[in-house]
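Written out below as structure tokens is the structure these notes cover.
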Amino acid sequence: MVGGLSMPSFLLVFFLFNFSLFLLHEMDAIRRSEWKLFIVLKDMEESKAYRVFTFIHLPLYTIILCFLFSKYQTVTFWVLDSFFIIHAILHLFFEKHPRNGLKNTFSRTIIYPMGLLATIHFLLLFQN
């Protein structure tokens with residue numbers, strides 16, 4: 001206990017590190033116009049697509065954080081770990097897409113470890 005509060009579990013800290021990679025990726029995705037890969041947003045006027053893509057993250061992050069710090073934490077781990085794994089695989093499939101601005105070393109250094117860490121976290125969840 002530290003100051004009356006218990007330290008977060010290793011699994012939570014491990015997950016939060018990976019979730020932080022996800023947040024970094026989304027920041028990078030906004031900088032690199034990732035909306036150009038999405039069916040609904042790709043044909044929108046650039047500034048409007050940017051605003052929609054960016055703003056959509058507010059409810060997304062709020063929902064994730066609410067579930068992450070609720071009695072549904074374990075289920076949230078499973079859902080987000082699965083998403084991070086599938087997300088990394090999708091990025092691999094879209095490597096050659098002409099509108100993909102995330103084909104650089106910096107972006108890849110965020111995306112692919114996120115999938116790997118999610119796989120490890122997922123496996124650790126089943127061991128506990």
Are F53 and H57 close enough that their ring centers fall under 6.0 Å?
-> yes

Please tell me if the side chains of L80 and F67 come closer than 4.5 Å, counting only heavy atoms from C-beta onward.
-> no

Is it true that W78 and F69 fall in one hydrophobic cluster, defined by side-chain heavy atoms closer than 4.5 Å?
-> yes

What one should report as the nearest heavy-atom pair of A118 and N18 is N-ND2, 3.3 Å

Answer yes or no: are there more than 12 heavy-atom neighbours, outside K48 itself, under 6.0 Å from its atom NZ?
-> no

Do L124 and F10 touch side chain to side chain, with heavy atoms closer than 4.5 Å?
-> yes

Do Y112 and I86 sit in the same hydrophobic cluster, where Ile, Leu, Val, Met, Phe, Trp and Tyr count as joined when their side-chain heavy atoms come under 4.5 Å apart?
-> no

Residue pair L12 / Q73, side-chain heavy-atom distance below 4.5 Å = yes

Heavy-atom donor-acceptor pair, K36 side chain to P98 backbone, under 3.5 Å = no

How far does NZ of K103 sit from CD of E95, to the nearest 0.5 angstrom?
-> 7.5 Å

Considering non-hydrogen atoms only, spot the tightest contact between A88 and G115 and give its length.
-> CB-CA, 3.8 Å

Return yes when atom OH of Y61 has more than 12 non-hydrogen atoms of other residues, nucleotides or ligands closer than 6.0 Å, and no otherwise.
-> yes

Roughly how far, to the nearest 0.5 Å, is the CD1 atom of I64 from the CG atom of L23?
-> 8.0 Å

Side chain to side chain contact (heavy atoms under 4.5 Å, CB included) with H121: of L117, L125, T119, only one passes, and it is L125

In Å, rounded to the nearest 0.5 Å, how long is the span from OG of S20 to CZ of F15?
-> 9.5 Å

Do you reckon L60 sits in the same ILVMFWY cluster as M27, going by side-chain contacts under 4.5 Å, direct or chained?
-> yes

pair I120-F14: side-chain heavy atoms closer than 4.5 Å | yes

Value for CG (L102) from OG (S33), rounded to nearest 0.5 Å, stands at 9.5 Å

How about F93: does its CZ atom have over 12 heavy atoms from other parts shown lying under 6.0 Å from it?
-> no

Between atom CD of E46 and atom CH2 of W35, what is the distance when rounded to the nearest 0.5 Å?
-> 5.0 Å

Side chain to side chain, H25 and H91, heavy atoms closer than 4.5 Å | yes

Joint cluster assignment, Y50 & I56, ILVMFWY side-chain distance < 4.5 Å = yes

Is it the case that more than 12 heavy atoms not belonging to F17 sit under 6.0 Å from its CZ atom?
-> no

Quick one: do F84 and F126 end up in the same hydrophobic cluster if we chain Ile, Leu, Val, Met, Phe, Trp and Tyr together by side-chain heavy atoms under 4.5 Å apart?
-> yes

What do you reckon, is CZ of F122 surrounded by more than 12 foreign heavy atoms closer than 6.0 Å?
-> yes

Nearest-0.5 Å distance that lies between atom CG in L116 and atom CD1 in I111 | 14.0 Å

Go through the structure and list residues passing side-chain hydrogen bond (donor to acceptor under 3.5 Å, both in side chains) with S107, not counting sequence neighbours.
-> D28, R32, N104

Residues L24, F106; criterion side chain to side chain contact (heavy atoms under 4.5 Å, CB included); working and verdict | CA-CA 11 Å; L24 285 177; F106 179 78; over 6 Å; no

Test side-chain hydrogen bond (donor to acceptor under 3.5 Å, both in side chains) applied to E45 - qualifying residues, sequence neighbours left out | S47

Within a radius of less than 6.0 Å around CZ of F83, do more than 12 heavy atoms belonging to other residues, nucleotides or ligands occur?
-> yes

According to the interplanar angle, ranging from 0 to 90°, do the rings of H87 and F22 count as parallel (below 30°), tilted (30 to 60°) or perpendicular (above 60°)?
-> perpendicular

